[in-house]
Colleague: 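Structure incoming, see below.
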Amino acid sequence: MGAPEPSKAVAVSVDLDAIACYYRIHALGEPPAGPARVAVLRRCLPRFAELFARHDVRATFFVVGADIEEDVEGRALLAELARAGHELANHTHTHRYDFARLPAAEMAAEIDRAHAAVGACGGAPPIGFRAPGYAINAEVLDLLRARGYRYDSSVFPSAAYYGAKALVMAAMRAARRPSGSYLDDPRVLLAPRAPYRPAPGAAYRRGGAGADLLEIPIAVTPIARLHVIGTSLILAPRWLRRHLVAAALRAPFFNLELHGIDLADAQADEIPPALIARQPDLRRPLAHKLAALEETLAAARAAGARFITLAEAGAA
Ligand SMILES: [Zn+2]
């Protein structure tokens, strides 16, 4: 009898940021009122559900509380996904990009209101959290610990992503059109790549006790720390996408982060041209984006990976 196969796991998560979030990032003013307003929940979410059903993936959806309070149809879709075994997790109530800079009471309210809305929708209280714009700190982690959360998945230790975001934000400031987004503390770039228990008072360092909250960082490649998320996979040429996915799959655990907008069909979903002009992934056809994600899931399966939710990763 040989030893059991070394187990590899992939957790796929989808941040359900509404189109209005991208209006804030790109400083586009008032978000659209038409179908684009609810496109992420009503149009993109069903495409993810179908993709995941085809590949036998149970995923984690990071839900913005106010969005499901407002959109009954979107909430019903999510409730159905929760019943099918997907995980619903907390992505704050209103997805403020300055969330981690708010006074503690306001941060707590953002967590608690979403906690109630997501719990009511999914039939169980959420146990996982992701901050808007990947910005986290020790205070947020303490609020999560006090509420019994098992994991946070906000740390994104990618120098390439951080640098690109800093450049875009500097250019927007220079053009007097400052972005609604914020850069995380640069110490995030030295954070571990593998899941870790953050030390008390330090979000980016190991050192927490055995049963403490787990931080599950978003995937980056070893050494170069290139980000392996939906947007990079969709925009990369095929050779680079294969390289990124293969590199991420060399680790025992691959935390693959996607966004609802990754499966938008810009024309059919009536995404306004002003946003399409600023968001290169919106200029790729839906078929291309589906194929890129499909290929990624197939590669994970071929590498012998099991698909698990982040809650399951947090419990392992
Ligand atoms: Zn988000």
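Ligands are counted one by one from 1 in listed order, and the atoms in each one are counted from 1 as well.
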Colleague: Between Gln279 and Asp281, do the side chains contain an N or O donor and an N or O acceptor separated by less than 3.5 Å?
Modeller: yes

Colleague: Would you kindly say whether Thr94 and Glu110 are connected by a side-chain donor-acceptor distance under 3.5 Å?
Modeller: yes

Colleague: Sequence neighbours left out, what passes side-chain contact (heavy atoms from CB on, under 4.5 Å) with Ala108? Give chain and number order.
Modeller: Asp112, Leu143, Arg147

Colleague: Ion pair present between Arg47 and Asp262, side-chain N to carboxylate O less than 4.0 angstrom?
Modeller: no

Colleague: Could you work out, with side-chain contact (heavy atoms from CB on, under 4.5 Å) as the rule, every residue matching Glu30, not counting sequence neighbours?
Modeller: none

Colleague: If you leave out waters, which protein N, O or S atoms are less than 2.8 Å from the Zn ion (ligand 1)?
Modeller: Asp17 OD1, Asp17 OD2, His91 NE2, His95 NE2

Colleague: ring-ring contact (aromatic ring centres under 6.0 Å, His included) with His55: which residues, sequence neighbours excluded?
Modeller: none

